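Read the structure below first, then the notes.
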Amino acid sequence: MTALSVFVSETEVVSEIGCLGTLRSVVDRLSVKRVAIVCDQGVANAGLLDLVLDAFGPLHPVAQLFTDPDPSIADAEQASCRAREQGADSVLAVGGGSGLALGKAVAVGLGSGRPISGLASAQNPASAGPVPTVAIPTTAGSGSEVSSVFVLRDPGSPAALVVRRRGYAPRVALLDATLLSSLPRDPMIFAALDSLSHSLEALWARAASSFTDALAKAAAERVFAVLPTCVRDRDPRSLQMLLEASAMANLACGNSGLGLVHALSIATAVRLPHGYQNGVLLPAVAAFNYPFVSPDIQALIDRLAPLYDKIEFRPRFAHDDLDGTMVDAMVDVAFNSPLHINNVRHAGRRDLCEILVRAGAPVSESKQPTVRD
């Protein structure tokens with residue numbers, strides 16, 4: 001008997017340059033009264049939040065809740081309490097992966113009334129779903145605007161808290177590349193490589209299907225085609241294609257699951273940007289998986305090096321990025337992650353160490369097991 005193939009998409013996606021102008025009508029359709037805006041602090045500082053507020057017109061949010069990169073469980077609990085105290089019945093999440101993750105956490109906190117720290121367990125689900133949420137991404141990377149997953153830093157645990165449950169995705173996502181035009185070069189590249197890692201991980205995931213393959217391949221093709229143009233001259237149509245590719249890649253990996261790239265990049269001991277980590281790890285994991293994937297996926301992998309050359313991204317950790325303790329944590333977290341099991345090729349601890357060495361991490365020979373797991 002073959003494995004069941006189940007594909008789920010919960011989010012209405014509105015995509016076009018200028019579609020931010022539909023925000024007021026989108027919110028009106030949700031029949032909500034008090035909107036809590038959750039936003040990346042950097043996005044607000046760049047003036048992008050002002051564009052969103054202008055699109056509201058006379059409708060004013062009940063609260064503006066800001067987050068710095070890599071929000072923690074405590075940040076989410078605090079933001080949820082503040083939104084609840086002010087009577088919010090919906091959320092507008094604006095930003096990159098961090099802002100959207102916090103927005104979804106606040107929506108779940110408002111809807112369930114339960115501590116967010118207890119929502120990761122499948123045996124301890126929330127009694128109610130999130131309040132209605134509209135997501136507006138300002139980077140083309142995480143695709144969190146169409147995802148039922150949110151990730152929060154958990155300082156008390158080796159790995160980040162990953163909360164995933166059907167019904168947790170935003171109700172509506174507005175994809176408007178106008179909000180990407182002022183994105184600095186490095187954050188644009190890191191985000192796009194995160195998106196590309198979602199595509200390729202979806203293709204070499206054990207739970208991949210014909211549905212996820214179609215989205216993942218199309219998304220990867222878009223990133224290969226337009227990322228150099230986006231970095232060079234910020235062509236609006238290319239930026240829109242990149243933004244749509246990000247959402248497509250997340251729809252793929254959200255259904256297929258992820259693999260070793262993300263298993264290695266969720267250790268709380270490492271505070272490097274998530275997209276940067278994934279961009280560095282992607283070619284090393286791709287090389288490890290190469291003999292175990294189909295020729296069409298190999299052909300996509302073969303395009304990684306030329307793309308990296310065009311955007312001038314070196315897929316190796318800098319000498320001061322990691323220390324031995326961090327690397328040990330990455331291996332331990334990855335080996336104990338379900339993402340490690342979903343990878344098309346089994347990886348023991350020695351394999352994980354070798355992947356990190358290929359990516360420039362400082363792993364000594366003495367720390368590598370002599371026998372494969």
Side-chain angles (χ1 to χ4, degrees), residues 97 139-143 151 186-205 208 212-213 215-228 230-231 242 245-246 248-250 252-253 256-267 270 272-294 296-318 321-322 327 330-331 333-334 337 339-340 342-345 347 351-361 363:
T139 62
S142 73
V151 180
D186 282 353
M188 176 178 289
I189 289 175
F190 298 166
L193 295 182
D194 187 23
S195 169
L196 189 57
S197 74
H198 290 165
S199 296
L200 293 181
E201 291 254 86
L203 290 169
W204 59 55
T212 61
D213 281 356
L215 278 167
K217 289 175 183 177
E221 288 285 356
R222 283 193 173 206
V223 175
F224 283 122
V226 305
L227 180 55
C230 292
V231 171
L242 194 67
S246 172
M248 292 160 63
N250 196 295
C253 73
S256 69
L258 293 161
L260 293 183
V261 172
H262 287 76
L264 286 163
S265 66
I266 58 173
V270 181
L272 298 169
H274 180 68
Y276 168 73
Q277 287 190 69
N278 288 347
V280 171
L281 291 166
L282 181 57
V285 172
F288 176 75
N289 285 333
Y290 195 90
F292 288 74
V293 298
S294 61
D296 57 331
I297 300 174
Q298 289 178 343
L300 289 173
I301 292 173
D302 291 339
R303 296 168 66 179
L304 282 174
L307 175 68
Y308 279 43
D309 286 343
K310 288 179 182 177
I311 61 175
E312 299 180 347
F313 181 88
R314 185 170 182 260
R316 291 184 63 83
F317 290 111
D321 279 346
L322 303 169
V327 171
M330 293 172 77
V331 172
V333 168
S337 167
L339 303 180
H340 147 260
N342 193 43
N343 194 74
V344 66
R345 181 180 182 183
D351 296 312
L352 296 171
C353 287
E354 289 174 350
I355 288 169
L356 288 170
V357 168
R358 182 187 288 266
V363 182

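Bear in mind that the values here come from a model prediction, so they are computed numbers and not experimental data.
The two atoms that bring V333 and A263 nearest to each other are CG1-O, 4.1 Å, heavy atoms only. Taking each heavy atom of P283 and L304 in turn, the nearest pair found is CA-CD1, 4.2 Å. In this structure, A202 and A208 approach most closely via the heavy-atom pair O-CB, 3.3 Å. The two residues L300 and K217 make their nearest non-hydrogen contact at CD1-CG, 4.4 Å. The minimum heavy-atom distance linking P291 with Q298 is given by the pair CA-NE2, 4.3 Å. The two residues G279 and Y308 make their nearest non-hydrogen contact at O-OH, 2.7 Å.
Applying the side-chain contact (heavy atoms from CB on, under 4.5 Å) criterion to D321, with sequence neighbours excluded, gives L272, Y276, F317, A318. For V331, the side-chain contact (heavy atoms from CB on, under 4.5 Å) criterion is met by R349, L352, C353, L356, not counting sequence neighbours. Annotation: side chain to side chain donor-acceptor pair (under 3.5 Å) contacts of S256 (sequence neighbours excluded): none. Applying the side-chain contact (heavy atoms from CB on, under 4.5 Å) criterion to A191, with sequence neighbours excluded, gives T139. Take R303 and apply the salt bridge (charged side-chain N to carboxylate O under 4.0 Å, His left out) test, not counting sequence neighbours, and it matches E221. Partners of D302 according to the side chain to side chain donor-acceptor pair (under 3.5 Å) rule, which considers only residues two or more places apart in sequence or in another chain, are Y290. Residues forming a ring pair (Phe, Tyr, Trp, His ring centres under 6.0 Å) with F224 (at least two apart in sequence, or on another chain): none. Evaluation of the ring pair (Phe, Tyr, Trp, His ring centres under 6.0 Å) rule for H262 yields H198, H274 as partners, not counting sequence neighbours.
Here the straight-line distance linking atom CG of N250 with atom CG of L215 works out to 10.5 Å at 0.5 Å rounding. Taken to the nearest 0.5 Å, the CG atom of L281 stands 9.0 Å off from the OG atom of S197. Taking SG from C253 and CG from L200, the interatomic distance works out to 11.0 Å, rounded to the nearest 0.5 Å. With rounding to the nearest 0.5 angstrom, the OG atom of S246 is 7.5 Å from the CG atom of D194. We find the CG-CD1 distance between D296 and I301 to be 10.0 Å, quoted to the nearest 0.5 Å. Note: L258 CG to S265 OG = 8.5 Å, rounded to the nearest 0.5 Å.
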Take V223 and L242, measure what side chain to side chain contact (heavy atoms under 4.5 Å, CB included) needs, and give me the verdict at the end.
-> CA-CA 6 Å; V223 175; L242 194 67; 4.2 Å; yes
How far apart are the C-alpha atoms of L193 and N278, what are their side-chain angles, what is the distance that settles it, and do they pass the side chain to side chain contact (heavy atoms under 4.5 Å, CB included) test?
-> CA-CA 7 Å; L193 295 182; N278 288 347; over 6 Å; no
Intermediate values then yes/no, side chain to side chain contact (heavy atoms under 4.5 Å, CB included), L227 and L196 = CA-CA 10 Å; L227 180 55; L196 189 57; over 6 Å; no
Could you give me the CA-CA distance, side-chain angles and deciding distance for L322 and M330, then say whether side chain to side chain contact (heavy atoms under 4.5 Å, CB included) is met?
-> CA-CA 10 Å; L322 303 169; M330 293 172 77; 4.1 Å; yes
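In this structure a side-chain-to-backbone donor-acceptor pair under 3.5 Å is missing from R314 to D309. No donor-acceptor pair closer than 3.5 Å links the side chain of T212 to the backbone N or O of A252.
Look at D351 and R345 and you find no salt bridge, because none of the NZ, NE, NH1 or NH2 atoms lies under 4.0 Å from a carboxylate O.
Between I189 and V231 there is a side-chain heavy-atom pair separated by less than 4.5 Å.
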